[in-house]
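Some notes on the structure that comes next.
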Amino acid sequence: MIVASVIVDVAVMQTDRPFDYEVPDRWQEVIQPGMRVVVPFGPRHVQGFVLDVKEEAEIRKLKPIVEPMDIVPVLNEELLSLADWLTAESLCFKISALQVMLPAAMKAKYQKFIRKTREQSVQPAVESLFNNREEIPWEEATDAGKLSDIRKEVKNGTLEVIYSVKSKGRKKTVRMVKCTLSENELAEIVNIMPKNAVKQKEALLVFTGRTHHWLSLKETGISSATAKSLIEKGFLEEKQEEMYRDPLGGQHFEPDKPLMLTENQQKAIRPILDNLNAGTSGTFLLHGVTGSGKTEIYLQSISRVIEKGQEAILLVPEISLTPQMTERFKRRFGNDVAVLHSGLSTGEKYDEWRKISRKEVKVVVGARSAIFAPFENIGLIIIDEEHETSYKQEENPRYHARDVAIQRSFHYNCPVILGSATPSLESYARAKKGVYTLLSLDQRVNDRPLPTVDIVDMREELREGNRSMFSRTLFEKIKDRLEKGEQTVLFLNKRGYSSFIMCRDCGYVAGCPHCDVSMTYHRHRHQLKCHYCGYEEAAPYVCPECTSEHIRHFGTGTQKVEEELLKLLPEARIIRMDVDTTGTKGAHEKLLRKFGDKEADILLGTQMIAKGLDFPDITLVGVLSADTMLHLPDFRSSEKTFQLLTQVSGRAGRHTLPGEVVVQTYTPEHYSIQLAAEQNYESFYQQEMMMRKMGGYPPFYFLALITISHTEAIEAASAANKIVTKIKPALSSAAVILGPVASPIARINNRYRWQCLIKYKREPKLTEILKKVLEHYTKQGKSNGLIVSIDIHPYVLM
DNA sequence: AGCACGCCGACT
DNA sequence: GTCGGCGTGCTC
């Protein structure tokens, strides 16, 4: 017997192993590892992934596979073994590892129906539900309170429950029609048709001179009713043809030519090309200051890869996947590029994925999950802005795209390029140790000078009576740019500055009733929303604690900055970019285009404007408060501040006009601010490495974070204690366990959260130990409402 | 996760 | 006596 071993789509510990199924004779030539199948699982049907096809089963009684969901495997052998690696590395369920590799459109959609087995009588009460339909949704019956009646009928065999499994996404199709008649027949039939069949005659005449040609129904202009009757008469034939959705709206891209590389760029690209020619794996860290032409190096390296007949993946942070970037790749590589990012609809992502899978493209440009692009001959993987934290997925499987990239490069013996102006300490340290090859681009293309940076001490401003959010220096410079017709970018570090509601009399802050966080104020709807659990409520007009009316929204949101700016400079044309103004599809691009067309003087925004902005007339960048994230309880806060300031400063003076940057801060002496102003990465690295060494943080130690949550605080705390006592003796003496302590966010969604942080250098047995912990606490009966989650190499410690 | 099976309180 | 509550255990 042919047997398939299948991972089923049930993400719990108990089912996190393969189940064997019989492969029915009719599928024996079809079913292969890497395919999705529908299998019976208990009383229902679920989606599953075939891992293996074999001759013998582990157990005797096997159920047969219901049907395959794919014609060809959706995961190749390499991706299947990558899923093994991912499962082991991130301690996730196998099914999660498999699913993360595919577009959301390929996740299963489950529906439950009830159907009458024969025309036999069912109780009138049930009969009435059907209302002449063949089958009705399960929910419809249970909502009507007929559950017990239905159970009875099912037992009698007069009703059956149908479990349907479908893919979520659909291929887009067009209706094609063809005239089956010869030219002569067509003319004849038009003649003998009844006079009143005007539409049908018209329709047939469309095919004059092109019978037996497939035409899209839409093109012919024939209505679907007309088509239907002509098909019934046998004059037309129809079919559905698959087509791709076009996220770029038919845009045409003018092809461009590779640019001449500077001496600096040539020196940097040489080792990469050598490596490509040799066909060996290896990781390069391309450290290039902003504006040093990293992208051109990417483009030319990829060109080489395509020449070799291989494929390339370029990852960019979600936020910088701007039309500008896409355009550059489309112009260089034309239709050989697939683009994958969150701006696409589920269907569009599905289409891009299929283009990749069918090898219709050579290059993928995409955000984090594009690292799983189903290529089979990868020649190069590039991660741009490698320091970006968005490359780490914060839900299961908790993977870092950088690690996946390197893992895949081992399989394909291809190089990986990590590019950044401000590399993560981890990567830079590895480059210094020789684990990665360091390539430096320390000059801007055309030797444009870096912008001058002014650090303004906001405490000083306050002391001198300036209570506005603009320092005098910044304000003067903005005014100056307005007069000269040059552009300004104002950057607000929104994290730590979310607008919340506070009572000025008693200090009450509106918090989420289910989580220990303050809620964010949304002005347009006068609503408060919790970003952790999604809870929403109307914002109060009086303080619920002291009934004072002096309750208002606090913190400097972009809206507030805009208001104040308009008060001070009424003539300024401002574009505000934040979650509120970029919510709709394409809004992001539209606003940027507007700014690029000089329809505004000032661009005001959050993180999202820190990257990729490249307009010639930006000569001033203002950072309204540089240190908001500096005081977060996060060992990476200095690094993030340095990166952000460097990044933002890079927006100014990229072309002929020189740029200026004003950085406002309450802690001007902080090294991350000072050194960002000097654009001195090397010194920052040295200084920050010292801090990390003292604190015992990466890159000197690895981290693993265990979070334990329960609806009762005591339960969470005691379980956390137990876990620590269990783990401690199993680790070497070099490992450090911090905690257990209550999480910085002590409660989310009414669950109390405790955590412990493990710092370690070399613990070969760690994942095994942690897996045991997970297994222990997910065993039913033992878990008793406890949820344990483990994040290896965490980025968010809350 | 679902779902069935099974064993105890309030109803026709 | 039965309906239905949710504890326990299984799914090839």
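The chains referred to below are lettered A, B, ... by the order of the sequence lines, with proteins before strands, and numbering in each begins at 1. Everything numeric in this text was worked out from a predicted model, so none of it was measured.
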Using whole Å, what does the distance between atom [atom2] of nucleotide [N] and atom [atom1] of [X] come to?
| X | N | atom1 | atom2 | answer |
| --- | --- | --- | --- | --- |
| A/I95 | B/dG2 | CD1 | P | 13 Å |
| A/K54 | C/dC12 | NZ | P | 14 Å |
| A/I7 | C/dT11 | CD1 | P | 16 Å |
| A/K109 | B/dA1 | NZ | C1' | 19 Å |
| A/D16 | C/dT11 | CG | P | 16 Å |
| A/M13 | C/dT11 | CE | C1' | 17 Å |
| A/L147 | B/dA4 | CG | C1' | 13 Å |

Establish, with yes or no, whether the OP1 or OP2 oxygen of [N] is under 4.0 angstrom from a side-chain nitrogen or oxygen of [X].
| X | N | answer |
| --- | --- | --- |
| A/K112 | B/dC3 | yes |
| A/K61 | C/dC12 | no |
| A/Y163 | B/dC3 | yes |

A/K63, nearest nucleotide to its side chain (from B/dA1, C/dC12, B/dC3): C/dC12

A/Q14 side chain, from C-beta outward: closest of B/dA1, C/dC12, B/dA4: B/dA1

A/K355 atom NZ: more than 12 heavy-atom contacts under 6.0 Å: yes

Side-chain-base donor-acceptor pair under 3.5 Å for A/R44 and B/dA4: no

Distance flag, aromatic centroids of A/Y110 and A/H45, threshold under 6.0 Å: no

Main-chain N/O of A/N377 paired with A/E311 side-chain donor or acceptor, under 3.5 Å: yes

Expected output: side-chain A/T158 to main-chain A/E153 donor-acceptor under 3.5 Å: yes

Sugar-phosphate only, base, or nothing, as touched by A/R151 at under 4.0 Å among non-hydrogen atoms: nothing

Touch class at under 4.0 angstrom, heavy-atom based, for A/P40 against every strand present: sugar-phosphate

4.5 Å side-chain heavy-atom contact, A/D16 and A/F93: yes

Under 5.5 Å and under 30°: A/F41 stacked on C/dT11: yes

